[in-house]
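In what follows, every chain begins at residue 1, and chains take the letters A, B, ... in the order their sequences are listed.
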Amino acid sequence: MNLTLLILLPLLTAITILLLRNTAQVKWVALTGSTLQLILAFYLLFVFNNERSAGNTAQMLFELQYNWFPAWHISFHLGVDGISIAMILLTAFVVVAGILVSWNITKMTKEYYFLLILLSMGAYGFFVSLDLFILFFFLEIAVIPKYLLIGIWGSGKKEYAANKLALMLMGGSALVLVGLLGLYFSTPERSFDLLALAHFNIPIETQMICFPLLFVGFGVFGGLFPFHTWVPDGHSSAPTAGSMFLAGISMKLGAYGCLRVATYIMPEGAKEYANFIIILSTIAILYGAFATMMQKDLKYINAYSSVSHCGFVFLGIGMLTKTAMTGAVLQMVSHGLMTALFFAVIGMIYERSHTRQVNEMGGLLKVMPFIVSVLFIVGLCSLGLPGLSGFVAEMTIFVGSWQNADTFHRVATIIACMSIVVTAVYILRAIGQTAMGPLKAGFENLTDATWNEKLAAILLVAGILAIGLAPSWLNNLISPATDIITQKIFPMAIGVK
Amino acid sequence: MNELFILMKSELLVTGLLFLLLFIKIGKGIKNESLLLIIQSLLLVNFIIGFFFNKEGNLFDGMFNTNGLIALQKSILSLGVYLISLLFADWFKKSEHMAEFFMLMLSALLGMFFMISSGNLLIFFLSLEMATIPVAAMVNFDLDKKISSEAAMKMILSSAFSSGILLFGISLVYGVTGTISFAAMPAVLDGSPLMILAFVFLFTAFAFKLSIVPFHLWTADVYEGAPFATTSFLSVISKGSVAFIFMATLYKVFQPMQDVWYNMIMLLSIVTMITGNLFALRQQNIKRFLAFSSIAQVGFILVGMSSNSPAGTASVVYFILVYTFSNLAAFGVAAAIASQTGKEKIDDYKGLYQNNRFLSWVLALALFSLAGIPPTAGFFGKLFLITAGASKGNYMFITIAALNMIISLFYYLKVVRAVFMDKNDFPVEKITIQFSTKLALIICSTGIVLAGIFSWIYDYIQALS
């Protein structure tokens with residue numbers, strides 16, 4: 001399959017949207033484009049599995065390379081492995097759901113959909129690029145749409161949140177840029193190519209400097225503690241689809257970068273700094289969980305819980321075992337679906353009740369059974385109920401973490417495990433207050449979900465269930481790719497350390 | 001004789017245009033509209049001709065050099081002047097002294113052409129003066145505005161001062177080396193303290209023209225006082241031409257002293273970026289805002305210049321091309337708003353998007369390009385400058401440059417925020433844009449979007465340098 005299609009299709013959709021004048025047409029074009037992209041993503045999964053079962057063991061499949069700036073040795077180099085495909089599928093799901101959820105937007109519809117599609121194009125491009133220059137290019141493409149989405153269509157302290165997000169993310173990308181240049185000039189032939197860099201052993205001194213730069217830089221995008229402060233503000237001020245994209249796709253860009261670029265290219269650096277990563281992520285997991293307990297606003301609850309859940313991703317990366325890293329990728333996918341669904345549901349409730357404060361709601365199950373049922377599912381997924389994706393991902397991370405036999409790793413694992421109890425507390429409390437009890441006055445006439453909202457919710461719930469009930473397909477997709485990364489860190493060990 | 005025509009094609013064309021204007025003015029028989037059309041088409045020809053009949057060679061005993069890269073640089077400058085003539089067509093047509101304005105602008109341009117081609121300190125000094133003095137008159141073109149006269153005064157005084165310093169530097173150089181020819185100089189440069197002193201004087205003169213901190217103090221006032229057409233000429237064409245010749249002198253003439261100038265450029269680049277950015281943060285007037293932003297951009301150009309390699313040359317030339325598109329688009333939008341409403345404050349731009357979608361998007365695109373956000377060409381321009389600068393292995397310098405991109409993003413976003421997000425009960429009303437202005441804005445936007453993605457533009461420049 002030609003991977004440029006994954007970038008061209010959103011680009012064409014975006015350009016078509018710009019040319020249209022009628023808002024109804026805009027919506028349908030956006031929906032058609034993103035649905036086609038979803039189909040394309042499934043087709044990619046299909047052909048990928050076919051190739052693999054036919055015995056193609058190349059690290060990256062469907063590679064294509066085109067010299068872009070020959071003077072700088074920059075090439076337009078695309079390719080996918082299991083991790084990228086998992087991320088592309090996640091993106092496709094979230095984009096379709098996001099477009100369905102924002103069906104009723106009336107303010108500057110054309111611009112809104114244009115920016116959503118542009119943002120998704122950045123994500124697709126990021127996940128398929130094998131050249132660090134174009135990876136960086138796509139990473140930055142996604143920043144400005146986020147800024148405008150929050151600033152124009154957001155609510156609350158939107159300007160502040162938009163500015164904070166844009167500046168922190170640009171700060172992160174400045175660190176990434178310096179790290180990338182360090183890598184570029186450390187190779188004799190001056191290359192930005194991911195595979196070439198990975199096969200060339202970067203000098204240890206360069207790794208010691210560039211690993212923290214790249215990891216922290218991407219970590220800012222992924223909500224790494226203590227650079228997570230844009231997450232709560234950004235998520236809670238963004239419009240519904242904006243929050244879904246931010247938490248579901250955009251934070252994953254950072255985590256993917258940490259894994260694919262920082263850890264894979266610089267294994268020595270990863271070993272050196274792994275303990276820092278574990279400490280930071282453990283703090284994030286606990287701090288995020290406890291901070292969520294104090295929140296009254298549904299969006300803030302989900303935003304802070306995102307910090308906690310993304311902490312698991314970094315914990316999985318920091319543990320440096322194959323199982324834990326597979327768990328980290330599973331957690332990226334799972335959290336992406338779950339949090340997008342959570343924000344979608346919050347948006348649906350807010351659109352009807354015009355409040356997001358938990359204590360102002362109550363008994364909503366009576367008037368909007370569908371929406372609240374979805375809220376239950378997503379809440380249970382968030383607290384790790386077996387059968388849903390959250391459990392699969394977190395369990396894999398814990399198992400992988402436990403494979404490290406020393407006290408430090410064990411203690412970190414135990415602390416991280418304990419956060420699940422806190423998660424249960426805040427999730428059950430929030431859902432209980434929202435859904436149960438007597439119906440508050442003024443909420444009697446609220447309606448249940450419309451067709452588009454139902455479709456979006458069903459799509460994401462299907463994703464969650466597909467991972468939760470039958471995780472093996474995703475696991476088999478991801479683990480060969482994570483194996484390559486861990487093999488590079490511990491070349492002697494086969495499988496488990 | 002034939003060689004003269006080919007090597008000096010751009011200069012001869014501009015000179016011809018100047019005489020044409022002069023005769024028409026004396027004969028006073030032609031309407032502004034048709035005259036403008038003639039000027040525009042000849043400028044376009046001048047832009048295109050830079051890509052053909054290119055030959056390397058020199059004239060008048062090496063006083064005048066040219067090659068493919070220099071021809072390209074002249075083309076970029078011609079393109080800038082062409083875009084200015086389109087962007088401010090409305091203002092030109094209304095002015096009764098349009099022909100004079102173009103005579104001044106074209107003689108400055110002619111001076112710049114000679115400056116870029118100069119192979120000798122004497123012709124360099126002459127052409128630098130020729131490129132400066134008409135601009136001072138252009139600054140004062142709105143004769144009834146007191147602020148313009150003040151700006152012109154500031155400009156002429158500061159450039160007289162810098163010319164004095166330059167002459168002093170030239171005399172020291174001649175005293176030490178015994179030659180004023182660029183080609184003969186590298187062999188006799190010995191890096192003695194007196195030579196370094198002479199170089200510092202020369203450097204200062206360049207720094208004045210490029211408004212490198214601490215020689216930037218005239219910039220904001222002059223930009224604010226001058227009419228928009230002059231301000232954009234100053235900030236794009238004038239800066240670009242000086243940057244070209246500055247780079248050529250550093251790389252070719254002062255190559256033996258590269259350790260000396262690398263440190264100077266690095267320090268001044270850091271100071272320039274930081275000062276420009278920090279001052280831009282608190283500007284309210286859009287012209288002053290763009291003035292400080294262009295100071296910060298010059299700091300960025302110095303990052304690429306510090307690399308002392310063909311890649312550095314290519315990235316600087318490319319960046320100036322991109323900067324021409326971006327800055328002219330920003331000035332064009334600001335001028336369109338100012339000419340109809342008289343509003344020049346950033347606060348007045350609040351809610352601009354409500355009535356002026358086209359202008360808002362062009363402005364946003366220009367500012368994103370200046371901030372270096374993909375997919376605009378500014379991203380590629382800045383990245384190439386930084387990559388070129390990083391080849392020296394000085395990562396502290398590169399980190400500071402990268403962090404400065406964040407500060408600059410903050411103030412560019414301030415304008416974007418005003419345009420798109422802030423509420424205003426009395427937003428700028430619908431502005432009618434002339435066709436030619438619109439055309440120029442579309443050319444600029446297309447350039448901003450495509451100059452980066454179409455990599456052959458960069459490849460073309462790289463192949464020449």
Pairs of heavy atoms under 4.5 Å with chain A: top-ranked of Phe410(B), Phe454(B), Phe379(B), Phe420(B): Phe379(B)
Under 4.5 Å from any heavy atom of chain A - which part of Leu383(B): side chain
Step-by-step side chain to side chain contact (heavy atoms under 4.5 Å, CB included) determination, Phe368(B) to Leu413(B): CA-CA 8 Å; Phe368(B) 287 150; Leu413(B) 283 184; 4.0 Å; yes
Quick one: closest heavy-atom pair of Leu116(A) and Ser102(A), and the distance? CD1-OG, 4.1 Å
Under 6.0 Å between the ring centres of Phe138(A) and Phe126(A)? no
Between the CG atom in Leu290(B) and the CG atom in Leu370(B), the distance rounded to the nearest 0.5 Å is 7.5 Å
Ala388(B) versus chain A, heavy atoms under 4.5 Å apart: side chain, backbone, both or neither? both
Largest heavy-atom contact set with chain A, pairs under 4.5 Å, which of Ala364(B), Ala314(B), Ala371(B), Ala402(B): Ala402(B)
Report the option among Ile74(A), Val178(A), Leu139(A), Leu213(A) that has the most heavy-atom pairs separated by less than 4.5 Å from atoms of chain B. Val178(A)
Applying a strict 4.5 Å limit to non-hydrogen atoms, the region of Phe384(B) in contact with chain A is both
Would you name the heavy atoms of Gly33(A) and Leu9(A) that are closest together and state the gap between them? O-CD2, 4.0 Å
Under the criterion side chain to side chain contact (heavy atoms under 4.5 Å, CB included), I'd like the reasoning laid out for Phe69(A) against Phe380(B): C-alpha separation, chi angles, the key distance, then a yes or no. CA-CA 10 Å; Phe69(A) 289 98; Phe380(B) 294 92; 3.7 Å; yes
Of Ile152(A), Leu180(A), Val143(A), Leu148(A), the largest count of non-hydrogen pairs under 4.5 angstrom with chain B goes to Ile152(A)
Measure distances from Leu181(A) to the heavy atoms of chain B and classify the residue's part below 4.5 Å as side chain, backbone, both or neither. both
Between CZ of Phe319(B) and CD1 of Ile301(B), what distance do you get to the nearest 0.5 Å? 5.5 Å
Given that the side chain runs from C-beta out, which part of Ile144(A) has a heavy atom under 4.5 Å from chain B: side chain, backbone, both or neither? side chain
Between chain A and chain B, which N or O donor and acceptor atoms come closer than 3.5 Å?
residue   : atom : partner   : partner atom : Å
Trp68(A)  : O    : Ser455(B) : OG           : 2.6
Trp68(A)  : NE1  : Ile453(B) : O            : 3.0
Trp72(A)  : NE1  : Tyr458(B) : OH           : 3.0
Glu111(A) : OE2  : Tyr353(B) : OH           : 2.2
Glu111(A) : OE2  : Arg357(B) : NH1          : 3.0
Tyr147(A) : OH   : Leu413(B) : O            : 3.3

If you take all heavy atoms of Thr91(A) and Ala123(A), which pair is closest and at what distance? CG2-CB, 3.9 Å
Separation of Leu64(A) CG from Leu78(A) CG (nearest 0.5 Å): 4.5 Å
For Phe218(A), the ring-ring contact (aromatic ring centres under 6.0 Å, His included) test, sequence neighbours excluded, returns none
Are Phe215(A) and Tyr273(A), when compared by the centres of their aromatic rings, separated by less than 6.0 Å? no
Check whether Leu175(A) gets within reach of chain B through its side chain, its backbone, both or neither, counting any heavy atom under 4.5 Å. neither
